[in-house]
Amino acid sequence: MSGDSAHTTETDLRIPEGLRHLAIIMDGNGRWANSRGLRRTRGHKEGAGTVRRITTTCAEMGLEELTLYALSVENYVKRPRHEVEFLLALLKRFVVRERATIMDNNIQFRTLGRTDEFPKGVRNELEKLRELSSSNDGMTLRLALNYGGRSELADAAKKVARDVQTGHLALEDVDEQALQDRLYDPRMPDVDLLVRTAGELRVSNFLLWQISYGEIFVCDTLWPDFDKQDLASALSSYGNRKRKFGGLVRPVDA
Ligand code: FPP
């Protein structure tokens with residue numbers, strides 16, 4: 001594992017109280033490559049290295065849930081075909097090569113999104129790693145792949161409608177829990193901290209339901225350069241937030 005920063009100490013990298021689920025929008029691979037006169041795909045390759053390092057660091061820290069936005073539904077249809085094909089090949093290689101990292105770190109691997117649209121070879125490798133790691137009880141790593149927050153909600157709404165139509169769900173029982181139960185991974189808890197790299201101030205259709213009360217941290221670091229020090233800054237910022245969930249910080253003051 002590389003990426004250690006001279007400024008990072010063990011104390012910097014502790015999980016703040018209340019942080020269970022960290023989600024990251026990994027942005028800036030293209031800019032990282034362009035600024036070096038390299039092809040965008042080279043940035044994605046470097047980005048895959050950061051995925052391995054940050055995943056390992058988070059698992060070692062004892063984080064419960066890590067979700068990474070690796071490919072949006074918009075990326076899948078709007079990026080040039082050769083870039084999407086490169087990303088799929090990179091993903092397939094990653095899943096094969098990082099099998100040992102996942103198993104050695106007791107990580108449970110899952111995906112989120114419309115992966116059924118992927119080529120069979122990619123789907124098979126994703127499924128193999130999901131199955132192999134399914135009994136691991138350390139951190140859960142989810143890769144959001146061909147994922148969109150709106151698609152997830154539309155897909156859940158369709159399941160609700162079908163269940164009402166077939167009599168498995170009463171109309172009066174359609175509530176937040178009924179929708180939650182039909183999301184791509186109903187067991188996934190809400191996001192506590194959403195990190196976005198490369199400076200953009202938007203959520204880009206990521207986990208729209210699950211970030212309702214999530215804290216947001218944006219840094220300028222491009223994803224291939226994101227290291228333990230950047231992670232420590234995000235965790236420390238979260239540790240200084242007062243979460244209210246629509247209530248009061250200290251209800252007794254009311
Ligand atoms: C955004 O950067 C990143 C992506 C669309 C893909 C993310 C992919 C990786 C981090 C590597 C592959 C991941 C795995 C799990 C193997 P961008 O290309 O939009 O950057 P830009 O905004 O600077 O152009």
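Read the numbers this way: they start at 1 and go in the same order the structure lists the ligands and their atoms. Bear in mind the structure is a predicted one, so any value in this text is a computation, not a measurement.
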Quiz item: Among protein heavy atoms, which sits nearest to atom 3 (C) of ligand 1, and what does the distance come to when rounded to 0.1 Å?
Solution: M26 O, 3.2 Å
Practice problem: Could you list the atoms of ligand 1 found under 4.0 angstrom from a heavy atom of A70? | Solution: 6 (C), 7 (C), 8 (C)
Practice problem: Could you name the option among H44, R31, R93 that has the heavy atom nearest to atom 4 (C) of ligand 1? | Solution: H44
Quiz item: Among protein heavy atoms, which lies nearest atom 5 (C) of ligand 1, and at what distance?
Solution: N75 OD1, 3.5 Å
Exercise. Examine N29 against ligand 1 and note whether any of their N/O atoms are separated by less than 3.5 Å.
Key: yes
Quiz prompt | Contacting atoms of ligand 1, where contact means under 4.0 angstrom from a heavy atom of W223 | solution = 10 (C)
Quiz item: Taking N or O atoms only and a 3.5 Å limit, does R40 qualify as a polar contact for ligand 1?
Solution: yes
Practice problem: Taking only Lys NZ, Arg NE, NH1 and NH2, and the carboxylate oxygens of Asp or Glu, determine whether R142 and D185 approach each other closer than 4.0 Å. | Solution: yes
Quiz item: Any nitrogen or oxygen of D27, main chain or side chain, under 3.5 Å from a nitrogen or oxygen of ligand 1?
Solution: yes
Practice problem: Do me a favour and list the nearest non-hydrogen protein atom to atom 15 (C) of ligand 1 with residue, atom name and distance? | Solution: L143 CD1, 3.8 Å
Exercise. In plain terms, say whether R20 and D190 are close enough for a salt bridge, that is, a side-chain N and a carboxylate O under 4.0 Å apart.
Key: no
Quiz item: Is K78 paired with E74 through a side-chain N to carboxylate O contact shorter than 4.0 Å?
Solution: no
Self-check item: Backbone of Q229 reached by a side-chain donor or acceptor of S233 within 3.5 Å
Solution: yes
Quiz item: For R79 and ligand 1, does the shortest N/O to N/O distance drop below 3.5 Å?
Solution: yes
Quiz item: Salt bridge or not for R182 and D155, using N-O below 4.0 Å?
Solution: no
Quiz item: Which ligand 1 atoms are under 4.0 Å away from a heavy-atom of L90?
Solution: 12 (C)
Quiz prompt | Closest protein heavy atom to atom 13 (C) of ligand 1, given as residue, atom name and distance to 0.1 Å | solution = V51 CG2, 4.2 Å
Quiz item: Salt bridge check: are R53 and D227 linked by an N-O gap of less than 4.0 Å?
Solution: no
Quiz item: Salt bridge or not for K92 and E125, using N-O below 4.0 Å?
Solution: no
Self-check item: Shortest protein heavy-atom distance from atom 20 (O) of ligand 1, along with the residue and atom involved
Solution: G30 N, 3.0 Å
Quiz item: Looking only at atom types and distance, does a side-chain atom of S133 sit under 3.5 Å from a main-chain N or O of N136, one as donor and one as acceptor?
Solution: no
Quiz item: Can you list the ligand 1 atoms lying under 4.0 Å from a non-hydrogen atom of F94?
Solution: 16 (C)
Quiz prompt | Over-ring placement of R110 relative to Y147, 6.0 Å and 45° cut-offs | solution = no
